[in-house]
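Heads up: the structure comes next, in structure tokens.
Counting starts at 1 for both ligands and their atoms, in listed order. Residue numbers count from 1 along this sequence. Computed from heavy atoms alone, side chains included, the values below leave out hydrogens, waters and symmetry copies.
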Amino acid sequence: MSTNKRGLFIAFEGGDGAGKSTQSALLTDSLRALGRTVVSTREPGGTPIGERLRALVLDHGHGEIDPRSEALIFAAARAAHASQVIRPALRRNEVVLTDRYIDSSVAYQGAGRSLGEDRVLSLNEWATDGLRPDLTVLLDVPPAEGRDRRTAGDGSEDRLESEPDDFHARIRRTFLDLAAADPDRYLVLDARRAVEELSRRILDRVKMLLP
Ligand code: TYD
């Protein structure tokens, strides 16, 4: 389990197009300005093996990937991330910000792919040896709005993003249910609020948790 853990572990979660990477970058800057050492990372990815698994599971063109294989690939990338990046940084008493973590698998593979939330959660608890975030920031966005935001860029969508809106609606519901079941560990924000307002509210909450 999470022995020797110090530091602070924060995950950003939410649907595609919610603005997680923007908020994660802003929080990184604010915490560094306060003199904190911050490791800013993402899933799938964050390690060499994780980045290769990311390309396998997100790019179109690797043929069909069945739901269990998909869940295991995300979990494998996460296992490497937890043991090689997140735990070592927490032991050094650093702040770790990750763009997505276990809740993304529970939502996308558990609910979106209908593998079952509890099963996917257990798989990932095993993969990470029980490492949980101290705080999860959930940026909640309605599926249609998320799609508009992400296709406003170059218009391309990865394998998961290109799923229909009802898939994304199940994911949104699951994120909200996870947050409602454990309110002390979540900060739920409406991703349609102004960027500055969101970043201020996130920083206020994080400051209360800094070791
Ligand atoms: P993300 O990095 O947020 O996408 P982008 O870089 O395009 O903004 O996430 C990539 C996709 O992977 C996203 O659609 C969600 C999906 N995903 C899962 O299905 N399960 C998981 O466990 C994770 C971490 C991501």
On a heavy-atom basis, which atom in [X] and which in [Y] lie closest, and how many Å separate them?
{"X": "Pro44", "Y": "Glu51", "answer": "O-OE2, 4.5 Å"}
{"X": "Gly50", "Y": "Ala77", "answer": "CA-CB, 4.1 Å"}
{"X": "Leu187", "Y": "Ile202", "answer": "CD2-CA, 3.9 Å"}

Among all protein non-hydrogen atoms, which one is nearest to [atom], and what is the separation to 0.1 Å?
{"atom": "atom 3 (O) of ligand 1", "answer": "Arg100 NE, 2.7 Å"}
{"atom": "atom 6 (O) of ligand 1", "answer": "Arg54 NH2, 2.8 Å"}
{"atom": "atom 7 (O) of ligand 1", "answer": "Glu161 OE2, 3.2 Å"}
{"atom": "atom 20 (N) of ligand 1", "answer": "Gln109 OE1, 2.8 Å"}
{"atom": "atom 24 (C) of ligand 1", "answer": "Arg78 NH2, 3.4 Å"}
{"atom": "atom 12 (O) of ligand 1", "answer": "Leu58 CD2, 3.4 Å"}
{"atom": "atom 14 (O) of ligand 1", "answer": "Asp16 OD1, 2.9 Å"}
{"atom": "atom 18 (C) of ligand 1", "answer": "Phe74 CZ, 3.2 Å"}

Subset of ligand 1 atoms that lie under 4.0 Å from at least one heavy atom of [X]:
{"X": "Leu160", "result": "14 (O), 16 (C), 19 (O)"}
{"X": "Asp158", "result": "7 (O), 10 (C), 11 (C), 14 (O)"}
{"X": "Glu43", "result": "2 (O), 24 (C)"}
{"X": "Pro44", "result": "24 (C), 25 (C)"}

(request) Check whether any side-chain heavy atom of Arg147 sits under 4.5 Å from a side-chain heavy atom of Glu157, and report yes or no. (result)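 Arg147 vs Glu157: side chains touch.
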
Quick one: do [X] and [Y] make a salt bridge, cutoff under 4.0 Å?
{"X": "Arg100", "Y": "Asp16", "answer": "yes"}
{"X": "Glu197", "Y": "Arg201", "answer": "yes"}
{"X": "Arg113", "Y": "Glu163", "answer": "yes"}

(message) Both conditions, 6.0 Å and 45 degrees, for the charged tip of Arg132 above the ring of Phe9: are they met here?
(response)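 No, cation not above the ring by the 6.0 Å, 45° rule.
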
(message) With a 3.5 Å distance limit and no angle check, can you tell me whether Arg185 reaches the backbone of Pro133 through a side-chain donor-acceptor pair?
(response)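 Such a contact is found between Arg185 side chain and Pro133 backbone.
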
(request) Kindly say whether Asp158 contributes a backbone atom to a donor-acceptor pair with the side chain of Glu161 at under 3.5 angstrom? (result)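 Yes; judged by distance alone, with no hydrogens or angles, the pair exists.
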
(message) Taking distance alone, with N or O pairs closer than 3.5 Å, would you say Tyr101 contacts ligand 1?
(response)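 Min N/O separation from ligand 1 is not below 3.5 Å for Tyr101.
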
(request) Look at atom 22 (O) of ligand 1 and find which of Ser21, Ala77, Ser105, Ala75 reaches it with the closest heavy atom. (result)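 Closest candidate by heavy-atom distance is Ser105.
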
(request) Please confirm whether Glu70 comes under 4.0 Å of ligand 1, counting heavy atoms of the residue only. (result)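 No, Glu70 has no heavy atoms under 4.0 Å from ligand 1.
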
